[in-house]
There are 2 protein chains.
Amino acid sequence: MPTRPNKSRKSYHHGDLRNALLKAARDVLEERGPSFLGLREISRRVGVSAPSAYHHFPSRDAIALGLAEHGAREMAECLTAGPRDETGALAPYGEAYVAFVRANPALYRLMFGEGFPAVSQYSHAVRELRKRSYEIMKSNLENRLSDAELPIAGLFLWALVHGLGLLLIDGQITTGEDDRDIVHRVLQLAGTGLDHGRT
Amino acid sequence: MPTRPNKSRKSYHHGDLRNALLKAARDVLEERGPSFLGLREISRRVGVSAPSAYHHFPSRDAIALGLAEHGAREMAECLTAGPRDETGALAPYGEAYVAFVRANPALYRLMFGEGFPAVSQYSHAVRELRKRSYEIMKSNLENRLSDAELPIAGLFLWALVHGLGLLLIDGQITTGEDDRDIVHRVLQLAGTGLDHGRT
DNA sequence: GCTTAATCTTTACAGCGTTAGGATTGTGCC
DNA sequence: GGCACAATCCTAACGCTGTAAAGATTAAGC
């Protein structure tokens, strides 16, 4: 059967199509991954014809970009809100970072380049998030290290949580242990290391 | 003009089409990235019609998979060959790891999931590479740490080089410094940290 | 209430991965 | 050498995609 617009819609105009498209795109993203983010698939879910999306986004990639923009703000907010768990973790922001990645795997991959290289370049919010991530990792260490060591140490911590998060959501860490324990122990190792690893 | 097969080929049969396709695919991969890995684009470069690829690969994804297989063996070889630079680096295999990632950015992204999720699952060589990467990172530390600490410390080092490599090839490290210096200093920080960070 | 602009529609086009079936060439047996 | 066969390549075509063009429907402003 040929796909046709949703007849069950009350009015000819949708009213809030832009956000409806973004929401459907978010669903597709988490359900099937970045490579399945198709314009036609998205508009089908909303119950609207494909070209109607062009009144709200200039291209399919722009939808992915809008998604990444929204996700970037979400993640930045989540990180700067600060982790409420203060059980003596040495890198609490690091744990919050990995937790967000694990909670939003496809979104994170989207923001960090997978499938849509344009996202990394053209999204202001995503660029801000990346800068902020680095800053946050530095801030996580600044009461423990001198200003001279901070740039490299911050990069060290950022790369660590970035890599750890990606390995986790790619299912490539196959020890039998609980993932949260693993994250904690790795960050603890990094933390104690940083405390003694002055140059 | 409609695209037509390469008339300048000597014989009707290509002779080594399978490898020619893989080589062209590798070129496309490095030139334009994983998302541009199209079957038609690849066969166009070889000067052959698109469906002829189906005599050597069951699908387009299978070409990407073959590419990843080959790349995985290449990387494993490069890593186990061992770094010849012995200038006292604390994590020589770590530096070799990041160096390979920087030299083959798109290939590395392909092997670790971007665009072709099937690659991570179905490629034997890629699975082997990932296991091996972890083992190599552990071996990099085994004369410095006890057996009990090795699993977490190996994961720590692997996640670090994985994340650092990805951040570098994504162009998200924008300090003015030389990238190689940065890698060295980050790994040095990790190394000295590990030396003192016994639990 | 009419005009205008915004929103959604159908229709159409080129490019994609893939299938089906015909043309051409290398291979092994007589 | 010649012939049957299998392997390899081709063109044609299908359904899918993102996108452009142009017509239908509705909301907004005077």
Side-chain angles (χ1 to χ4, degrees), chain A residues 1-25 28-29 32-67 110 115-119 122, chain B residues 1-25 28-29 32-67 110 115-119 122:
Chain A
M1 97 187 168
T3 310
R4 61 179 58 252
N6 190 355
K7 294 288 184 187
S8 70
R9 206 190 323 137
K10 34 241 146 196
S11 63
Y12 187 89
H13 289 353
H14 183 284
D16 192 25
L17 186 52
R18 197 194 136 91
N19 285 104
L21 289 170
L22 282 177
K23 177 162 167 32
V28 175
L29 184 67
R32 320 244 288 152
S35 58
F36 288 88
L37 253 188
L39 188 147
R40 279 184 138 103
E41 168 70 18
I42 294 170
S43 27
R44 218 168 330 187
R45 294 204 179 200
V46 180
V48 101
S49 80
S52 52
Y54 283 84
H55 285 271
H56 304 275
F57 298 95
S59 72
R60 183 198 65 145
D61 290 15
I63 300 185
L65 202 142
L67 211 54
L110 178 68
F116 300 86
V119 165
Y122 298 131
Chain B
M1 93 188 171
T3 310
R4 60 179 59 253
N6 190 354
K7 295 289 184 186
S8 70
R9 207 189 322 139
K10 31 250 154 193
S11 65
Y12 186 88
H13 289 353
H14 182 284
D16 192 25
L17 185 53
R18 198 193 134 90
N19 287 104
L21 288 170
L22 282 176
K23 178 163 164 33
V28 175
L29 184 67
R32 321 243 287 153
S35 58
F36 287 88
L37 253 189
L39 188 148
R40 280 183 137 103
E41 168 71 18
I42 294 170
S43 28
R44 218 168 326 182
R45 293 204 181 201
V46 180
V48 102
S49 81
S52 51
Y54 283 82
H55 286 271
H56 305 276
F57 297 94
S59 73
R60 183 197 66 144
D61 290 15
I63 301 185
L65 202 141
L67 211 55
L110 179 68
F116 299 86
V119 164
Y122 297 131

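Note that the structure is predicted; figures quoted are calculated from it, not measured. Scope of the values below: all heavy atoms of this structure, side chains included, with no hydrogens, waters or symmetry mates.
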Asks: Do you know which two heavy atoms are closest between B/Ala50 and B/Ser43, and how far apart they sit?
Replies: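 That would be CA-OG, 3.4 Å.
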Asks: Quick one: A/His56 NE2 to C/dC8 P, roughly how many Å, whole number?
Replies: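 In whole Å, C/dC8 P and A/His56 NE2 are 4 Å from each other.
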Asks: Could you pull out all residues at least two apart from B/His14 that satisfy side-chain contact (heavy atoms from CB on, under 4.5 Å)?
Replies: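 side-chain contact (heavy atoms from CB on, under 4.5 Å) list for B/His14, sorted by chain: B/Arg9, B/Asp16, B/Leu17, B/Ala20, B/Val46.
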Asks: Salt bridge (Lys or Arg N to Asp or Glu O under 4.0 Å) with A/Arg45: which residues, sequence neighbours excluded?
Replies: A/Glu31, A/Glu41
Asks: Using whole Å, report how far CD1 of A/Ile42 lies from P of D/dC16.
Replies: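 Result: 18 Å.
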Asks: Would you kindly give the CZ-to-C1' distance between A/Phe57 and C/dC8, to the nearest whole Å?
Replies: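 Atom-to-atom, A/Phe57 to C/dC8, this comes out as 16 Å.
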Asks: Considering every strand and a 4.0 Å limit on heavy-atom distances, what is the contact class for A/Ser52: base, sugar-phosphate, or nothing?
Replies: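 The residue A/Ser52 makes base contact.
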Asks: Between B/Val28, B/Ile42, B/Val119, B/Leu29, which is the residue that forms a side chain to side chain contact (heavy atoms under 4.5 Å, CB included) with B/Leu67?
Replies: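 Considering B/Val28, B/Ile42, B/Val119, B/Leu29, a side chain to side chain contact (heavy atoms under 4.5 Å, CB included) with B/Leu67 is found only for B/Leu29.
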Asks: Within this structure, what is the OG-CZ distance for the pair B/Ser49 and B/Arg40, rounded to the nearest 0.5 Å?
Replies: 9.5 Å
Asks: Going by atom type alone, with no hydrogens or angles, which donor-acceptor pairs under 3.5 Å involve a side-chain atom of residues 59-66 of chain B and a protein atom two or more places apart or on another chain?
Replies:
residue: B/Ser59; atom: OG; partner: B/Asp61; partner atom: N; Å: 3.4
residue: B/Ser59; atom: OG; partner: B/Ala62; partner atom: N; Å: 3.2
residue: B/Arg60; atom: NH1; partner: B/Leu37; partner atom: O; Å: 3.2

Asks: Under 3.5 Å, which protein N or O atoms sit close to an N or O of nucleotides 12-21 of chain C? Give each pair with its distance.
Replies:
residue: C/dC16; atom: OP1; partner: B/Arg44; partner atom: NH2; Å: 3.1
residue: C/dC16; atom: OP2; partner: B/Arg44; partner atom: NH2; Å: 3.3
residue: C/dG17; atom: OP1; partner: B/Leu39; partner atom: N; Å: 2.7
residue: C/dG17; atom: OP2; partner: B/Leu39; partner atom: N; Å: 3.2
residue: C/dG17; atom: OP2; partner: B/Arg40; partner atom: N; Å: 2.9
residue: C/dG17; atom: N7; partner: B/Arg40; partner atom: NH1; Å: 2.2
residue: C/dG17; atom: O6; partner: B/Arg40; partner atom: NH1; Å: 3.1
residue: C/dT18; atom: OP2; partner: B/Tyr54; partner atom: OH; Å: 2.6
residue: C/dT18; atom: OP2; partner: B/Arg60; partner atom: N; Å: 2.7
residue: C/dT18; atom: O5'; partner: B/Tyr54; partner atom: OH; Å: 2.7

